[in-house]
Amino acid sequence: MFDSLAQHEAALTQPAAEYSPTELRERASTFIEQCYDELGKREAVDDRLAAIEREISETGTYTQTTEELTHGARMAWRNSNRCIGRLFWQSLDVLDERDCESAESVHEACCRHIEYARNDGDIRPTITIFQPDTPTTERVRIWNDQLLRYAGYETDDGIVGDPGQCEFTAYCQSIGWEGDGGRFDPLPHVIQVGDSEPELFELPEELFVEVPISHPDYEWVADLELRWYDVPIISNMRLEIGGLNYTAAPFNGWYMGTEIGARNFADEDRYDMLSAVGERLGYDTSKNRSLWKDEALVVLNQAVLHSYNKAGVKIVDHHTATDQFAQFEQNEQRDGRSVTGDRSWLVPPMSSATTHVFDQSYDTTVRTPGFFYMQESLPDR
Ligand code: ARG
């Protein structure tokens, strides 16, 4: 148990360790035993471990089978303390792209991921796994934090676009990208293999699918000209399975409405839309007591759910998502596993006390297989 949020954060940010052969053997064997046990093939453990031993002695690393990779990635999702969507961990689709060796082929595989996961709106939880960082294979790094994202530009009249992306956008510009300077400009992919220079790849336009935001009752919401992309694909976390570090392993689920309506559009350091909505609703936004912020949040979140539905893009509301999480907790108990979690992330950013998560505490132990943060700093310019 970690006794503070800072310690939990630290555990999630462990640097990608270069494990010694001894440590690697140990981590491999812990993983293989648990994985094969869950897959109902304990009898195969000894032979497999002997083969892994030999491979580590000869090469300093080992190669996971497609089955190990697939189940390992699903376990990593199951272990993601901050994720409310874990009920669906077993349905994760794993795309094995370990044979991509160039930045360009990684970008192309990312584009395939986007289309596969999108599935015409019926979003499939998907992870693409590139080669791990090992003594025999080069480290692959995707510098975007998500495969679909909007640029943020710092201008003399303030920030245009997504303020959360200003640093990354400035980096892209420093290596030759020219953005249009708009509020919702798709960012290019920045991919690096080994020690070579990071490379820029513009996304084909048709790959960037967006949902225009409107409200079922308030026509003026459309006039705010808000939009958001369909699939959140996290691309800057390290996936660790059995001692192997997959430094490029973009993964996605579908959105929960509040991520967009109560955070991306509402946070003061993101699109900061609450006052604009409050004013359109006729409030004096200098007075707290009317709860104009709360009403503006509800309106924005209704708009997000309505718009995604209308566009045929899968999305879940926070009440349904927390109910699904309760089901996940029951399933885990039934299967004899304990659930770990980070309550501060699991609690939705609206109506928190209406959800069961609010009244519960969670064991914050960080398990592997798992997803970890990596060093944030962009390459030097
Ligand atoms: N909160 C992030 C965003 O708004 C996405 C994080 C992952 N979300 C998910 N539903 N899988 O873009």
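Atoms within a ligand are numbered from 1 in the order they appear, just like the ligands themselves.
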>> Under 4.0 Å, heavy-atom basis, I'd like to know which part of Asn264 is in contact with ligand 1: side chain, backbone, both or neither.
In response: side chain
> Say you draw a straight line from CD1 of Ile127 to CD of Glu97; how long is it, rounded to the nearest 0.5 Å?
Replying inline: 12.0 Å
> If you draw the axis of the six-membered ring of Tyr229, does the NZ or CZ of Arg149 fall within 45° of it and under 6.0 Å from the ring centre?
Replying inline: no
> Going by an N to O cut-off under 4.0 Å, is there a salt bridge joining Glu329 and Arg337?
Replying inline: no
> For Tyr229, is the nearest heavy atom under 4.0 Å from an atom of ligand 1?
Replying inline: yes
> Mind checking what makes salt bridge (Lys or Arg N to Asp or Glu O under 4.0 Å) contact with Arg54, not counting sequence neighbours?
Replying inline: none
> Against heavy atoms of Tyr255, which atoms of ligand 1 measure under 4.0 Å?
Replying inline: 3 (C), 4 (O), 10 (N), 12 (O)
> Which of these passes ring pair (Phe, Tyr, Trp, His ring centres under 6.0 Å) with Phe184: Phe208, Tyr153, Phe265, Tyr150?
Replying inline: Tyr150
>> Run Met374 and Thr247 through side chain to side chain contact (heavy atoms under 4.5 Å, CB included) and show every step you take.
In response: CA-CA 8 Å; Met374 290 188 284; Thr247 50; 4.1 Å; yes
> Which of the numbered atoms in ligand 1 are below 4.0 angstrom from a heavy atom of Gln146?
Replying inline: 2 (C), 3 (C), 5 (C), 12 (O)
> Which residue and non-hydrogen atom of the protein lie closest to atom 11 (N) of ligand 1, and at what distance in Å?
Replying inline: Gly253 N, 3.9 Å
> Which option, Arg263, Arg270, Glu259, Arg82, owns the non-hydrogen atom nearest atom 2 (C) of ligand 1?
Replying inline: Glu259
> With only distance considered, is Trp254 within less than 3.5 Å of ligand 1 through an N or O on each side?
Replying inline: yes
